[in-house]
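Along the sequence shown, the residues carry numbers beginning at 1.
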Amino acid sequence: MAETSYLSEFDGATTDEILTYAKNGKTGQVNEKVASYEQSGVKGYVDQMKGQTTVSDADTVQVFDTNGVPHKIAKTELLKKSAQALPTISDISAFIALNKAGNAIGLMSIEETAKVVGGLVYKGNYDDINKVTEQGIYEHRGDEVANSPNNAWGILICYRYGAEIYQRLMPNNNSDTYYRVGNADNLSSVSWKKISPDW
């Protein structure tokens, strides 16, 4: 079966009313509706938009306003308007929380979201650097930590890539940093490498 297309000369609401009147055999109301639509100026506007030739048809899309009136608009203009409709950060007041199945289970305020994300990133402190295998940012308490390459306080960043564990220690007593890459089975036997900047 051949695919056909049809572009109404009326807006959506007018078309619905005309079809309803016609279905109920109210030809007088159909004629009145068509006549009032043609006299209202809306028909002329719709016809003008249909005949718009400022850009080629390949570069336009037809959109409908809230009254159901069709408009031709350049694809680039539509893209600009869509981008402008995106919220700014100041417009966001909550985030949708999803469970593991992907179902929405509620809303979280910005403050609640920040607390969750912060908890995922900042992990607190530890007593043995060889036992730090979970991804996150840790407070390094220097001489209170077993197996540390440096006794100064600072920050330890740990992240994982597959089975590999990457640790980077940034003590606050000098500009040297330390790093090592291992896995959960051999991390304690992997030696630290020191990076000293040239300044």
Side-chain angles (χ1 to χ4, degrees), residues 55-56 58-66 71-199:
V55 289
S56 73
D59 295 330
T60 64
V61 291
Q62 184 170 349
V63 297
F64 294 86
D65 64 22
T66 55
H71 302 273
K72 278 188 178 179
I73 186 170
K75 291 176 184 176
T76 53
E77 186 65 23
L78 182 61
L79 184 59
K80 286 179 194 171
K81 288 183 183 295
S82 299
Q84 291 170 350
L86 293 173
T88 63
I89 291 184
S90 62
D91 293 332
I92 298 171
S93 61
F95 294 90
I96 297 173
L98 305 175
N99 63 14
K100 288 184 179 181
N103 300 322
I105 56 174
L107 290 177
M108 293 177 67
S109 69
I110 290 176
E111 293 79 14
E112 292 168 327
T113 305
K115 189 181 262 188
V116 169
V117 172
L120 295 173
V121 175
Y122 179 71
K123 301 295 185 180
N125 56 36
Y126 50 92
D127 58 5
D128 185 346
I129 203 165
N130 288 336
K131 294 179 181 175
V132 179
T133 59
E134 189 177 337
Q135 201 161 266
I137 298 173
Y138 296 82
E139 179 182 1
H140 180 71
R141 294 190 174 189
D143 55 359
E144 297 177 14
V145 176
N147 302 305
S148 174
N150 189 298
N151 289 333
W153 285 44
I155 296 173
L156 175 72
I157 298 174
C158 178
Y159 64 88
R160 298 183 71 126
Y161 181 76
E164 287 188 340
I165 299 168
Y166 178 90
Q167 290 181 330
R168 184 171 188 134
L169 177 63
M170 292 161 282
N172 62 8
N173 67 340
N174 60 35
S175 57
D176 293 337
T177 62
Y178 302 84
Y179 76 95
R180 68 179 175 176
V181 180
N183 59 51
D185 297 327
N186 73 353
L187 193 59
S188 60
S189 63
V190 175
S191 60
W192 288 91
K193 294 180 177 47
K194 183 169 146 180
I195 303 171
S196 298
D198 294 331
W199 14 51

How many angstroms lie between atom CD1 of I137 and atom OH of Y159, to the nearest 0.5 angstrom? 12.0 Å
M170 CE to I195 CD1 distance, which is reported to the nearest 0.5 Å: 10.0 Å
State, yes or no, whether a side-chain contact exists between R180 and L187 at a heavy-atom distance under 4.5 Å. yes
Where is the tightest heavy-atom contact between V132 and Q167, given as atom of each residue plus distance? O-NE2, 2.8 Å
Residue pair S148 / L169: nearest heavy atoms and the distance that separates them: OG-CD2, 4.1 Å
With side chain to side chain contact (heavy atoms under 4.5 Å, CB included) as the criterion, how do I96 and L107 come out once you've worked through the C-alpha distance, each side chain's angles and the decisive distance to 0.1 Å? CA-CA 5 Å; I96 297 173; L107 290 177; 3.7 Å; yes
What are the two closest heavy atoms between I129 and V145, and how far apart are they? N-CG1, 3.6 Å
May I ask you to test the K194-N150 pair for a side-chain heavy-atom distance under 4.5 Å? no
How about P171 and Y178: do any of their side-chain heavy atoms sit closer than 4.5 Å? yes
The reported gap from CD1 in I157 to OH in Y179 (rounded to nearest 0.5 angstrom) is 15.0 Å
Identify the heavy atoms of N183 and A163 that sit nearest to each other, and give their distance. CB-O, 3.3 Å
Under 3.5 Å: donor-acceptor pair, side chain of E164, backbone of Y161: no
Shortest non-hydrogen contact from D176 to S196? OD1-OG, 2.8 Å
Side-chain heavy-atom pair E144, W153 within 4.5 angstrom cut-off: yes
Spatial distance of atom CZ (R168) from atom CG (L156) [nearest 0.5 Å]: 11.0 Å
Taking all non-hydrogen atoms of both residues, which atom of K123 and which atom of G136 are closest, and how far apart? CG-CA, 3.9 Å
Other residues, nucleotides and ligands only: do more than 12 of their heavy atoms fall within 6.0 Å of CG on L98? yes
Would you say that T133 contacts R160 through its side chain, given a criterion of any heavy-atom pair below 4.5 Å between the two side chains? yes
Here the gap from M108 atom CE to S93 atom OG, rounded to the nearest 0.5 Å, amounts to 13.0 Å
Say you draw a straight line from CG of N130 to OG of S189; how long is it, rounded to the nearest 0.5 Å? 9.0 Å
Evaluate the side-chain proximity of R141 to Y126: yes if any heavy-atom separation is below 4.5 Å, no if none is. no
